[in-house]
Amino acid sequence: MTTAYLVMYGTNIRAVLIYIILIEINMPSPIANGLSTDHPIPGLPFVDDTHLPLDDPRAIEATGRDVAPDMWGRWDGDLHGEWWGFTTDPARHDVEWVVRHHPDRGRSVLLFHGNDAARTMHEEWDMEGPLLFRAGGYWWDGQDWFRPFQIYDAVNGCYAQRRVRSATTITAAQTLADEPGNPSAGTIHDIGVDFATLTPSAWADDLAAWALRRTEGDALPLDRCVIGISAPELAGDRLLGTAELAELAGIAAGTLRAYITRGEAHVPEPQAVISSRSAWSKPVAEDWVEARHRSDEAVAATIPIEDPGLVDVRDALTTKFESYFSSPERRSNFVLKRRNSEDLHAISGDLATIAARNLHELLPTRAIATTVVRALVQDLGEQTFARTPIETSPWLGIDSSVGIMLDWLIRHDPNSARSVINSVMWRAHEQYDIPPALTLRSIGQALALDGRLPQARYDDFLERLAPPESDGQ
């Protein structure tokens, strides 16, 4: 897991700002800034990268791709001049460079240890939006700051984007003005440096040396070079500790520590590590709680194991098996030592339980799910021709047979039903411009009429499927 660096700058008011290195969920830690970066990460040393063709993504890929068995390179881009690439360093194959280039916002150049760390970072940058990450996954799109990606919107096929309120971007110019540093005392390391023993103690001096060595011409002005983020929610006195995060999530602090140790439950990276203690912003913690509320496990838990139809199938098959074995000839052939009715019922029940627990092998649940999707979308679409304007409708009618099939799927396979409903919300919106909220209300009404579970169960189940709020879409 990544270690966060808390950097103080003199006695200026900005000294209380918390600068954090790049962190994402399961994200590898960079070990250095490249000299040519426009957006240095505080606390990391600077390494000379001028031996690399950083202005040409194809050349970056060619530097490492298929050159040697322990080297690799790749680049990707879009039609707007943005690109991102990585390569193994040609001088030492145990480290890798990643470059993220934006035609107007400059570039980030980071160095990682090997073992595909740079490849992972390359993939994280290969998404719409983020230009750089700070503060445990907070990211900047060139204008606004957003909180870490945690809540997946299955209807729209992307993560919800949560904008940071009252965020301020901290630039290199501001940082150097607060703490000028001594460029002659700063260090720009050669690629051959021993990173295991490299512990910069005066990063302000290193930053000053970086600023002095920057290439003229294409170099981004220092007042546009992003160092970090300041926001009220990241103030030190507002951060939550482990115990507070666990309380917010409704779990024991020991459970949370176990999750972190084992890398489970998608616990977000901390926004700071202060005196060896992790600390999270409250909005990030709340997003994590919401993500847990929407998880597959939480959705499935709304339909307990005694409800999904297992009992119904078991009871039905037990009766059938008992009838089958009630024939004297069959009983003598199959249950020679089980001639009393109690033993017969127990054996029949065992057989029925086996059948019920292997329901997916007995029934084509995937085909059933696909059929339900198509039927629901068709029913909803037909309703749009009869109701104008559609937005004022409290709900749209769904055929009783379709509602019964959806209810069966919910009771037998809640997560397949979740996928069905997400797909229906998306398709109904794309094909008929039906708002997802209206689709969800209509499904809820159908289940209220034709479902076999208590209404509270359906309400809990559907509430977790509502598309999350997002600021970026």
Side-chain angles (χ1 to χ4, degrees), residues 1-2 20-28 76-78 80 82 84 98 100 102 105 108 119-165 167 226 229 231 233-234 245 248-249 259-260 263-271 280-300 415 418-427 429-430 435-437 439-440 462-473:
M1 304 294 277
T2 303
I20 315 294
I21 70 169
L22 164 72
I23 309 175
E24 250 287 29
I25 297 176
N26 299 321
M27 184 59 55
D76 293 279
D78 60 23
H80 307 292
E82 293 187 54
W84 41 96
V98 173
R100 173 69 161 91
H102 188 280
R105 302 293 184 177
S108 294
R119 201 176 307 199
T120 301
M121 189 64 233
H122 173 85
E123 293 170 354
E124 286 298 317
W125 263 331
D126 190 5
M127 64 174 69
E128 184 177 354
L131 295 181
L132 54 82
F133 296 89
R134 296 290 188 274
Y138 278 71
W139 56 274
W140 184 66
D141 69 351
Q143 180 176 349
D144 297 315
W145 286 93
F146 295 82
R147 298 202 296 272
F149 293 115
Q150 293 194 83
I151 302 168
Y152 190 70
D153 182 349
V155 176
N156 294 297
C158 60
Y159 281 93
Q161 298 180 6
R162 303 287 173 83
R163 187 175 284 106
V164 182
R165 312 306 176 191
V226 177
I229 172 181
E233 66 191 57
L234 290 172
L245 177 59
L248 189 65
Y259 284 160
I260 295 172
E264 297 176 349
H266 303 291
V267 179
E269 292 288 349
Q271 276 54 73
W280 293 265
S281 77
K282 188 174 182 180
V284 167
E286 291 171 340
D287 284 354
W288 181 56
V289 172
E290 181 178 345
R292 284 170 57 80
H293 182 75
R294 295 172 173 275
S295 69
D296 288 349
E297 295 80 4
V299 169
N415 277 308
R418 173 190 192 164
S419 297
V420 164
I421 295 171
N422 284 331
S423 180
V424 170
M425 284 192 285
W426 181 81
R427 293 186 183 211
H429 185 261
E430 288 291 307
T439 295
L440 204 60
L462 295 176
E463 182 267 333
R464 298 168 192 264
L465 273 59
E469 295 182 3
S470 181
D471 296 318
Q473 297 154 2

Where do [X] and [Y] come nearest, in terms of heavy atoms and distance?
X: Leu131; Y: Ser108; result: O-OG, 4.2 Å
X: Met425; Y: Pro436; result: SD-O, 3.7 Å
X: Asn422; Y: Leu465; result: OD1-O, 3.9 Å

Ignoring hydrogens and angles, tell me if any N or O in the side chain of [X] forms a donor-acceptor pair with the backbone of [Y] under 3.5 Å.
X: Gln271; Y: Ser281; value: yes
X: Trp426; Y: Ala154; value: no
X: Trp280; Y: Pro268; value: yes
X: Arg294; Y: Ala466; value: yes
X: Glu269; Y: Val267; value: no
X: Arg105; Y: Gly142; value: yes
X: Trp145; Y: Arg134; value: no
X: Arg100; Y: Pro130; value: yes

Legend entry - Geometric class of the Trp139/Phe149 ring pair [parallel <30°, tilted 30-60°, perpendicular >60°]: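 Judged by the thresholds at 30° and 60°, the geometry between Phe149 and Trp139 is parallel.
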Legend entry - Pairing of Glu290 and Arg162 as salt bridge, 4.0 angstrom limit: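 Result for this pair is yes, salt bridge flagged.
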Legend entry - Lys/Arg-Asp/Glu bridge criterion (N-O < 4.0 Å) met for Arg165, Asp471: yes
[atom1]/[X] to [atom2]/[Y] distance, rounded to the nearest 0.5 angstrom?
X: Lys282; Y: Leu245; atom1: NZ; atom2: CG; result: 12.0 Å
X: Arg292; Y: Arg464; atom1: CZ; atom2: CZ; result: 10.5 Å
X: Trp288; Y: Ser295; atom1: CH2; atom2: OG; result: 10.5 Å
X: Ser470; Y: Arg163; atom1: OG; atom2: CZ; result: 8.5 Å
X: Tyr159; Y: Ile151; atom1: OH; atom2: CD1; result: 10.5 Å

Is the shortest side-chain heavy-atom distance between [X] and [Y] below 4.5 Å?
X: His429; Y: Thr439; value: no
X: Phe146; Y: Asp141; value: yes
X: Tyr138; Y: Val284; value: yes

Inset, instruction - Could you tell me whether Glu463 atom CD has more than 12 heavy atoms of other residues or ligands within 6.0 Å of it? - result: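 Atom CD in Glu463 is packed in, count exceeds 12.
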